> 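Take this structure, written in C-alpha cells, and hold onto it; I'll ask about it next.
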Amino acid sequence: MQHRHRTGRGQIVDSSLYEAVLQVMESLVIDYSVSGHVRERTGAILPGIAPSNVYRCRDGDYLIGANQDTVFVRLCSAIGQPDLADDPRFADHASRGRHQRMLDEIIECWTSARSIVEVEAAMIAHAIPAGRVYRAPDMVADPHFQARKSLLDIDHPRLGPIKMQNAFPFLSETPGSVRRLAPATPGVDNWEVLHEVLGLSEADYRRLVANGTV
C-alpha cells in the first residue's frame, strides 16, 4: 500500500496456502539445510523447548507455553513450586530443554489434579501464555466467539439451521458476509447466472434446458 502511495502503481499480490503454513514451521528447513537433520513428528511438544506442551487436567487438556525464563519463574509460582526456578535442571532455557520430559511430568502432576477452570485461573493470575484446547462444542459455546460473531447461523434447505464460520478477516469499511450456502445440487443457479448475469431470455433458457445443454 505504501508503494502505491509513493509511486501511484499497484502491485500483484502473489500468495499460496502452503507458504502461509511454511512461515510457522520454525527451523525445520534450516535444520535440514545446516546439518541434514530431518525433524519428525513430536506431538504437542517442540523438542528442546520447555515447558511448552498440552497438559492433562481432570476434565480435558490445556496448553501452557512458559519456556521463556521470566515466564517460567511465574509458572513455578503458579503451580506452588517456586523453588523449581532455581533448580539447576530447570534454571535456564537449555537446561529445561535437556530435562523436558521430567519437567512436563512435574507440571502435569499439578494440572491433572485440577479442572481446566482452575488451571486457567492460575495461568491468567500469573500472566502465563496458555489456552484451552478447543473442540467444536467449545467453539460454539465460547462467549468470545459469540461476541465476535465468528460463527453464523445459516438455514440449510435440507438440514435446517446450521452453524458455520463467518467470512474473515473483518474489514471496517467493506465487511465480508456469507450470503448463502453452496448449492446442494449442480445447476441450481443456472437460471440466475444465464438470465440475470448474462442476459439470456427465458425462451432461450428453456431451449437450452430442452436440448440438454444446461
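Predicted model, so just to flag it, every value in this text is computed and none were measured.
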> Angle between ring planes, Tyr134 versus Phe145, binned at 30° and 60°: parallel, tilted or perpendicular?
tilted
> Side chains of Gln68 and Thr70: do they bring a donor and an acceptor to under 3.5 Å?
yes
> Restricting to pairs with a member in residues 118-139, which pass salt bridge (charged side-chain N to carboxylate O under 4.0 Å, His left out), not counting sequence neighbours?
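Pairs touching residues 118-139 that pass the test: Arg58-Glu118, Glu120-Arg132.
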> Taking all heavy atoms of Ala85 and all of Cys76, pick out the closest pair and write down the distance.
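Answer, listing the atom of Ala85 first, then Cys76: N-SG, 3.6 Å.
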> Minimum heavy-atom separation for Tyr62 to Ala130, with atom names?
CE2-CB, 3.4 Å
> Give every residue pair that meets the salt bridge (charged side-chain N to carboxylate O under 4.0 Å, His left out) criterion with at least one member in residues 59-78, sequence neighbours excluded.
Asp69-Arg96
> Checking the side chain of Gln146 only, and the main-chain atoms of Val140 only, is there a donor and an acceptor separated by less than 3.5 Å?
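Side chain of Gln146 to backbone of Val140, a donor-acceptor pair under 3.5 Å: yes, one is there.
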> Which residue pairs satisfy the salt bridge (charged side-chain N to carboxylate O under 4.0 Å, His left out) criterion with at least one member in residues 100-110, sequence neighbours excluded?
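Those involving residues 100-110 are Arg56-Glu108.
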> Same cluster or not: are Ile116 and Ile128 linked, directly or through other Ile, Leu, Val, Met, Phe, Trp or Tyr residues, by side-chain heavy atoms under 4.5 angstrom apart?
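Yes, one cluster joins them.
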> Determine the sole option in Ile107, Val73, Ile79 for which the side-chain contact (heavy atoms from CB on, under 4.5 Å) test with Leu84 is passed.
Ile79
> Using the side-chain contact (heavy atoms from CB on, under 4.5 Å) rule, take Leu200 and Leu208 through it: C-alpha gap first, then chi angles, then the decisive distance, then the call.
CA-CA 10 Å; Leu200 195 72; Leu208 292 175; 3.5 Å; yes
> Parallel, tilted or perpendicular for Trp191 and His195, by the 30°/60° rule?
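If you compare the ring of Trp191 with that of His195, the planes turn out parallel.
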> Looking only at heavy atoms, what is the nearest atom pair of Ala78 and Met123, with distance?
CB-CE, 4.0 Å
> Would you confirm whether His99, through its side chain, and Arg89, through its main-chain N or O, come within 3.5 Å as a donor-acceptor pair?
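A pair under 3.5 Å: yes.
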> Quick one: closest heavy-atom pair of Arg39 and Leu28, and the distance?
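Shortest heavy-atom contact: NH2-N, 3.2 Å.
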> Give me the atom names and distance for the closest heavy-atom approach of Val71 to Gly65.
CG1-O, 4.2 Å
> If every non-hydrogen atom of Ser177 is compared with every non-hydrogen atom of Ala167, which pair is closest and at what distance?
N-CB, 3.9 Å
> Test your reading of the model: is there a side-chain donor-acceptor pair from Thr7 to the backbone of His3, 3.5 Å cut-off?
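It does hold such a pair.
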> Could you check whether any side-chain N or O of Gln100 sits under 3.5 Å from a backbone N or O of Leu46, counting only pairs where one atom can act as donor and the other as acceptor?
yes
> Quick one: pull up CZ in Phe72 and OG in Ser77 and give me the separation to the nearest 0.5 Å.
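Rounded to the nearest 0.5 Å, the CZ-OG separation comes out at 10.0 Å.
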> Is the backbone N or O of His144 less than 3.5 Å from a side-chain atom of Asp142, with the two atoms forming a donor-acceptor pair by type?
yes
